[in-house]
2 protein chains.
Amino acid sequence: MDNVQARLAYAERIAVFYEKAGGIPRMAGRIMGWLLVCDPPQQNATELGQVLSASKGSISTMTRWLLHIGLINKTTIPGERRDYFEIREGTWADLLAQQFQAVGAFRELANQGLALLNDPEGHEGARLREMHDLYAFFERELPLLIEKWRNERKE
Amino acid sequence: MDNVQARLAYAERIAVFYEKAGGIPRMAGRIMGWLLVCDPPQQNATELGQVLSASKGSISTMTRWLLHIGLINKTTIPGERRDYFEIREGTWADLLAQQFQAVGAFRELANQGLALLNDPEGHEGARLREMHDLYAFFERELPLLIEKWRNERKE
DNA sequence: CAGTAAGTTCAGTCTTGACTGAACTTACTG
DNA sequence: CAGTAAGTTCAGTCAAGACTGAACTTACTG
């Protein structure tokens, strides 16, 4: 691996982006970014700590969290005691699907709001009806899109 | 407005949700939540401050921010000096459209990552190619979905 | 059964950013 | 032109949470 510095800078960029977009901890983003461009694609905790200048504790906590939400895999090599981490295949579709869950929650919140109004059908409820209809629409359509992509992918 | 307490609790729930989902400041979320269920739908800064137990400064900063990102409108009543705020019509579609912008940025990041690899076409690049293809797919499809909804809405 | 390497846990530090309160600006009103 | 109400700005406070470093657990190895 020649351009380690460039790849590190890339990991950092990914981290900043994820932090802003989804509230993902900076260090978790760095790990994700590095695992996207490192060679080989599997890295152990010590390697991650060294290249990212992070403490063992931080790596441990963040890898566990990334495992928990399903973004990475933990694998072991026969005869070795160390754990190796890698980007999980299918991560991105799952991640999007998970983010799309929020849409359903917002549709439900709109419902709860309408229940508070004296006249949900009237002009007073227009705000929440618009919110409800939009989110209901996407709650219906987004899973179909993901499905469509998974089918296209298989071919 | 009889059930003020229930509506306040609702505003709080909206605030917590938006905070987690999009990193929106708690107080901005409270304002949005309250503007969704208040009666009348227009409220001035003093009213907002009182009902939400917030300082003038906080209301001022947050309403300006909400105006800036286009979630609310500022209107005035002839003969009154105060500004009134209300949920902007079409807010939700715009908000989603804005959040979908991130998809394009991620597709671009995947490209930048591939450029760092020695063999982007090979096994080494599989991680980033998957990421790229997925985000490219959604970058294409999501605007179409929003368009579709806007058309359905018009009828 | 010491010695060591891998990994976890947790108390403490540090940074970030939301929020308050007070000083300030602006503009209407008697 | 004083008086007042509306709104802005900003320095300071406070809380949340990311990260470190050290103590601890676990399990392999000579």
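Here is how names work: the chains are called A, B, and so on, in the same order as the sequence lines, proteins then strands, and each is numbered from 1.
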Trainee: The side chain of A:Arg26 is closest to which nucleotide in this list: C:dC19, D:dC19, D:dA6?
Mentor: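 Comparing C:dC19, D:dC19, D:dA6 against the side chain of A:Arg26, the answer is D:dC19.
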Trainee: Select base, sugar-phosphate, or nothing to describe what A:Thr76 touches, counting heavy atoms under 4.0 Å on all strands.
Mentor: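 Nothing: the residue A:Thr76, judged by heavy atoms under 4.0 Å, touches no strand.
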Trainee: Please answer whether the main-chain N or O of B:Gly122 pairs with a side-chain N or O of B:Arg129 as donor and acceptor at a distance below 3.5 Å.
Mentor: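 Flag set: sc B:Arg129 to bb B:Gly122 pair under 3.5 Å.
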Trainee: Base, sugar-phosphate alone, or nothing: which one does A:Thr63 contact when heavy atoms must sit under 4.0 Å apart?
Mentor: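 Contact class for A:Thr63: none.
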Trainee: Quickly work out the A:Leu66 CG to D:dA18 C1' distance and round it to whole Å.
Mentor: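 Roughly 14 Å, once rounded to whole Å.
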Trainee: Atom CG of A:Leu52 to atom C1' of D:dA18: distance rounded to whole Å?
Mentor: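 A:Leu52 atom CG is separated from D:dA18 atom C1' by 15 Å.
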Trainee: Find the distance B:Ile77:CD1 to D:dA6:C1' and express it as a whole number of Å.
Mentor: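 That distance rounds to 14 Å.
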Trainee: Which whole-number value in Å describes the distance from B:Glu80 CD to C:dC28 C1'?
Mentor: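 The answer, rounded to whole Å, is 13 Å.
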Trainee: What's the CD-C1' distance between A:Gln50 and C:dA6, to the nearest Å?
Mentor: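 Spelled out: CD on A:Gln50 to C1' on C:dA6 is 13 Å.
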Trainee: Strictly by Watson-Crick or wobble contacts shorter than 3.5 Å, is anything paired with D:dA18, and which nucleotide is it?
Mentor: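 Partner of D:dA18: C:dT13.
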Trainee: Would you mind reading off the distance between B:Arg81 atom CZ and D:dG7 atom P, rounded to a whole angstrom?
Mentor: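 Rounded to whole Å, this separation is 8 Å.
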Trainee: Go nucleotide by nucleotide along DNA chain D from the 5' end; which of A:Gly79 and A:Thr61 gets its closest nucleotide reached first?
Mentor: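 By nearest-heavy-atom nucleotide position, the 5'-most residue is A:Thr61.
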Trainee: Rounded to the nearest 0.5 Å, what separates atom CG in B:Leu145 from atom CZ in A:Phe137?
Mentor: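 Reported value, rounded in 0.5 Å steps: 5.0 Å.
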Trainee: Using whole Å, report how far CE of B:Met27 lies from P of C:dG21.
Mentor: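 Result: 11 Å.
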Trainee: When you measure from the side chain of B:Ser55, which nucleotide among D:dG21, C:dA6, C:dT20 comes out closest?
Mentor: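 Nearest nucleotide to the side chain: C:dT20.
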Trainee: Using modelled atom types and a 3.5 Å cut-off, is there a donor and acceptor pairing between side-chain atoms of A:Thr63 and backbone atoms of A:Ile59?
Mentor: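 Yes, A:Thr63 side chain to A:Ile59 backbone: donor-acceptor pair under 3.5 Å.
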Trainee: Mind checking who C:dT4 pairs with, Watson-Crick or G-U wobble, both distances under 3.5 Å?
Mentor: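 Across any shown strand, C:dT4 pairs with D:dA27.
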Trainee: Would you say B:Ser58 reaches C:dT20's phosphate, i.e. side-chain N/O to OP1/OP2 under 4.0 Å?
Mentor: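 True: B:Ser58 side-chain N/O within range (under 4.0 Å) of C:dT20 OP1/OP2.
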Trainee: Please round to the nearest 0.5 Å and tell me the distance separating atom CG of B:Asn73 and atom CD of B:Gln42.
Mentor: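 Between B:Asn73 CG and B:Gln42 CD, I get 9.5 Å after rounding to 0.5 Å.
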Trainee: I need the OH-P distance between B:Tyr84 and D:dG7, as an integer number of Å.
Mentor: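 In whole Å, D:dG7 P lies 9 Å from B:Tyr84 OH.
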Trainee: Of A:Gly23 and B:Arg82, whose nearest nucleotide on DNA chain D comes first from the 5' end?
Mentor: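 Looking at the nearest nucleotide for each, B:Arg82 comes out on the 5' side.
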Trainee: Any side-chain N or O of B:Arg64 less than 4.0 Å from the OP1 or OP2 oxygen of D:dT9?
Mentor: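 Result: yes.
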Trainee: With sugar-phosphate meaning primed atoms plus P, OP1 and OP2, does B:Asp83 contact a base, only sugar-phosphate, or nothing at under 4.0 Å between heavy atoms?
Mentor: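 Sugar-phosphate: the residue B:Asp83, judged by heavy atoms under 4.0 Å, touches backbone atoms but no base.
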Trainee: Quick one: sort the B:Phe106 and B:Tyr135 rings into parallel, tilted or perpendicular, breaks at 30° and 60°.
Mentor: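 Answer is parallel, since the angle falls under 30°.
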